[in-house]
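Report on the following structure.
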Amino acid sequence: MNTKIADQHKDFFDAVFQVVRLIPRGRVTSYGAIGAYLGAKRSARMVGWAMNASHRQEIPVPAHRVVNSSGMLTGKFHFETLTAMEEHLAAEGIEVKNDKVVNFKALFWNPTIELE
DNA sequence: CACATGACTGACT
DNA sequence: AAGTCAGCCATGT
């Protein structure tokens, strides 16, 4: 995809959600990576803020594939249950240990590179 | 309008 | 290596 989804950052939310939905099954990314792709790498918090509204989107957003820069499941507390995030990841073949994605570096999916 | 908070990150101790 | 601090910016009180 050549055109950056965030070209019109007027829809920052949709942009974030779209990128998250583009994450391949069995892969994960970070808030900062998404922010960087959207041209707001200085605002990883805004990505998290957008994700906070993801659960109320009509189209499901695989928020479980988004973790922090350390691969830790920092957003697990915002899911229906405390283990939902880990369950979803496990269902995709992603191993979670101590709230962290195992082999995170290898499973990391960088939208700026993958979507260039 | 000012202060506190947050699904973050990188640098520093 | 693990904990702390300071930027970051939109939202809520």
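Excluded from the calculations below are hydrogen atoms, water molecules and symmetry mates; all remaining heavy atoms, backbone and side chain alike, are included. Letters A, B, ... are given to chains in the order of the sequence lines, protein chains preceding strands, and every chain is numbered from 1. Just so you know, these numbers come straight off a predicted model, no measurement behind them.
Proximity of a side-chain donor or acceptor of N98(A) to a complementary backbone N or O of K100(A) within less than 3.5 Å is not detected.
Heavy-atom neighbours of R42(A) CZ from other residues, nucleotides or ligands within 6.0 Å: at or below the threshold of 12.
Taking side-chain N and O atoms only, T74(A) has a distance below 4.0 Å to OP1 or OP2 of dC8(B).
Rounded to whole angstrom, the span from the CE atom of M72(A) across to the C1' atom of dG6(B) amounts to 14 Å. Taking atom NZ of residue K76(A) and atom P of nucleotide dG6(B), one finds them 18 Å apart after rounding to whole Å. N52(A) has its CG atom 13 Å from the C1' atom of dC8(B), to the nearest Å.
Across dA7(B), dG7(C), dA10(C), the shortest atom-to-atom separation from the side chain of W49(A) is found for dA10(C). Comparing atom distances between the N68(A) side chain and each of dC8(B), dC9(C), dA7(B) picks out dC8(B) as nearest. Side chain of A63(A), nearest nucleotide from dA10(C), dT9(B), dA7(B): dA7(B). The side chain of S69(A) sits closest to dT9(B) out of dA7(B), dA10(C), dT9(B).
Using a 4.0 Å heavy-atom distance criterion, S54(A) is classed as a base contact. Counting any heavy atom pair closer than 4.0 Å across all strands shown, F77(A) reaches no nucleic acid atom.
Both distances falling under 3.5 Å, in either a Watson-Crick or a G-U wobble arrangement, place dG10(B) opposite dC5(C).
Within 3.5 Å, no donor on the side chain of R45(A) pairs with an acceptor on the base of dC9(C), nor the reverse.
Salt bridge present: R65(A) and E92(A) bring a charged side-chain N and a carboxylate O closer than 4.0 Å.
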